[in-house]
Number of protein chains: 2
Amino acid sequence: MSTISKENYLKAIFLHNRIGENASTSKVANKLSVSNAAISDMAKKLSQEGLISYEKYRGMELTAEGEKIALRVLRRHRLWESFLIKALGMSWNEVHDEAERLEHHSSDSLIDKIDEYLSFPDFDPHGEPIPKKNGTFPKIPKSISLSEVQVGNTYQIIRVNDQNTELMNYLTKNNLLLNSKLEVVDKLSFDNSVVVKVDNKKNSLSEKISKSIFVKILK
Amino acid sequence: MSTISKENYLKAIFLHNRIGENASTSKVANKLSVSNAAISDMAKKLSQEGLISYEKYRGMELTAEGEKIALRVLRRHRLWESFLIKALGMSWNEVHDEAERLEHHSSDSLIDKIDEYLSFPDFDPHGEPIPKKNGTFPKIPKSISLSEVQVGNTYQIIRVNDQNTELMNYLTKNNLLLNSKLEVVDKLSFDNSVVVKVDNKKNSLSEKISKSIFVKILK
DNA sequence: GTAAAAAGTTAAGCATACTTAACTTAATAA
DNA sequence: TTATTAAGTTAAGTATGCTTAACTTTTTAC
Ligand SMILES: [Mn+2]
Ligand SMILES: [Mn+2]
Ligand SMILES: [Mn+2]
Ligand SMILES: [Mn+2]
């Protein structure tokens with residue numbers, strides 16, 4: 001049986017697999033703020049239920065069925081985020097935590113109504129693709145992270161990593177919003193920081209921050 | 001600490017106390033679909049935490065602090081119901097079960113935004129009063145249940161008991177909606193059923209149904 | 001190639017919220 | 001008033017999902 005915890009585990013594994021990373025015990029533990037031991041425990045259960053494939057010491061990977069559940073949760077999460085912003089005027093930095101809970105407590109019928117309200121969007125307000133009802137996943141436009149840009153070029157933000165509220169607050173405060181345009185002024189190989197100009201204001205971004213911002217180049 | 005279960009228990013106790021009934025073990029057990037033993041267990045904990053006063057074999061009553069939590073949950077429940085109907089066009093017979101879960105998983109800020117979206121309503125779509133943010137409770141207009149009406153008079157529905165989805169479906173199908181007008185055609189003392197005319201269609205309502213519908217007389 | 005560090009697992013235990021079965025208290029009906 | 005029934009409580013046990021501590025495996029640095 002799928003529970004709230006299991007949904008969160010499956011989603012976390014999915015998001016790790018997705019960016020090419022191996023879903024290792026400690027990475028998932030860190031994301032979910034539980035001990036490594038809790039992950040080992042759960043890995044056994046999920047594996048037993050056929051939702052992940054798991055080999056001791058070798059990380060976790062979703063099975064087709066596990067991925068189906070993960071996508072369903074992700075869909076709910078991103079639709080809720082979109083809806084809270086559109087219908088209630090919440091800001092993009094406060095909806096993630098809310099959606100983290102609501103994603104586990106809404107009926108299919110409610111989610112479909114939200115989807116319809118939003119005219120079946122392909123992307124959420126952070127630029128993330130919203131899994132479709134039929135299980136497909138909208139194509140993600142090609143992007144690079146801000147840590148890979150070249151000095152002198154101009155880029156547009158098309159996706160940000162919304163997992164951390166503090167980061168989202170920072171981005172909001174500094175006008176680093178979805179679709180914002182920015183010019184890369186400088187890159188320091190010393191600490192891999194990037195200096196960008198947004199709205200004619202310069203801003204130095206640490207490596208960790210720049211890796212959470214995805215852009216496309218503007219000609 | 002308050003948990004989902006505790007919130008549900010406190011709300012159930014509140015709703016029983018509210019209609020004058022003693023919140024007895026088996027009544028609350030029945031409402032929450034758990035065993036009597038579970039109620040006895042929880043009663044001890046809630047009492048320990050100062051949320052209810054409880055004397056063995058004598059039922060439960062909320063303390064001031066317990067009532068505060070119950071009202072907070074009730075507020076969330078009824079605001080969610082109102083919002084789902086208003087914003088997403090859900091029908092009044094499908095929102096209760098949804099709200100039963102959402103009431104435990106929304107931040108204060110989200111609830112306040114829903115409240116504002118709805119222009120701070122006093123009553124929900126079933127005619128139930130919505131507790132205010134400050135803890136007050138809108139005055140409930142005087143009403144009698146359909147089981148107490150007099151033959152020949154005309155009444156208007158101002159509140160219904162929404163706890164049971166099957167009942168709600170029935171009411172919807174028979175046009176027994178909020179603000180519907182009805183004429184009382186007959187009452188059978190044999191089974192305490194009531195015959196009413198709505199939209200020129202006659203309808204016989206069992207005692208149990210008539211006790212879930214609250215009306216005011218129309219001159 | 002080995003030793004130290006990092007990552008992962010296992011074992012034991014805990015809290016919550018239930019269950020069923022056995023028992024106790026209260027209500028009721030003759 | 002007493003005995004039967006209904007209601008409520010207690011005790012023992014279960015499932016879930018965590019924790020910490022001890023141990024094992026893998027990775028890394030030299
Ligand atoms: Mn999110
Ligand atoms: Mn979640
Ligand atoms: Mn309701
Ligand atoms: Mn509830």
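What's counted below: heavy atoms across the whole structure, side chains too, no hydrogens, waters or symmetry copies. Worth saying up front: this structure is predicted, and the values here are computed from it rather than measured. So that the names make sense, note that chain A is the first sequence line, chain B the second, and so on, each numbered from 1.
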Indicate yes or no: does [X] engage [Y] in a salt bridge with an N to O separation below 4.0 Å.
X         : Y         : answer
Glu67(B)  : Lys11(B)  : no
Glu94(A)  : Lys113(B) : yes
Asp108(A) : Arg72(A)  : yes
Lys6(A)   : Glu49(A)  : yes

On the nucleotide [N], are OP1 or OP2 found under 4.0 Å from the side-chain N or O atoms that [X] carries?
X        : N       : answer
Arg58(A) : dT27(D) : yes
Tyr9(B)  : dC18(C) : yes
Ser35(A) : dC18(D) : no
Tyr57(A) : dC23(D) : no
Lys27(B) : dA7(D)  : no
Tyr54(B) : dG8(D)  : no
Ser5(B)  : dT16(C) : no
Ser40(B) : dT10(D) : no
Lys56(A) : dT10(C) : yes

Side chain of [X]: nearest nucleotide among [options]?
X        : options                  : answer
Ala37(B) : dA11(D), dA7(C), dA17(C) : dA11(D)
Met42(B) : dG8(C), dA17(C), dT9(C)  : dA17(C)
Thr25(B) : dG17(D), dT19(D), dT9(D) : dT9(D)

Once you round it to whole Å, what is the distance between [atom2] of [N] and [atom1] of [X]?
X        : N       : atom1 : atom2 : result
Asn36(A) : dT25(D) : CG    : P     : 17 Å
Glu55(A) : dT25(D) : CD    : C1'   : 13 Å
Lys45(B) : dT9(D)  : NZ    : P     : 14 Å
Asn22(B) : dA26(C) : CG    : C1'   : 13 Å
Ile39(A) : dT20(D) : CD1   : P     : 14 Å
Met1(B)  : dC14(C) : CE    : P     : 19 Å
Met60(A) : dT9(C)  : CE    : C1'   : 12 Å
Ile4(B)  : dT16(D) : CD1   : C1'   : 14 Å

Lys133(A) NZ: over 12 foreign heavy atoms closer than 6.0 Å
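No, the 6.0 Å shell around NZ holds no more than 12 heavy atoms from other groups.
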
Between Asn192(B) and Ser147(B), do the side chains contain an N or O donor and an N or O acceptor separated by less than 3.5 Å?
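Asn192(B) vs Ser147(B): no donor-acceptor pair found between side chains.
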
Map Ser26(B) and Val34(A) onto DNA chain D by nearest heavy atom, then report which one ends up closer to the 5' terminus.
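Upstream on the strand: Ser26(B).
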
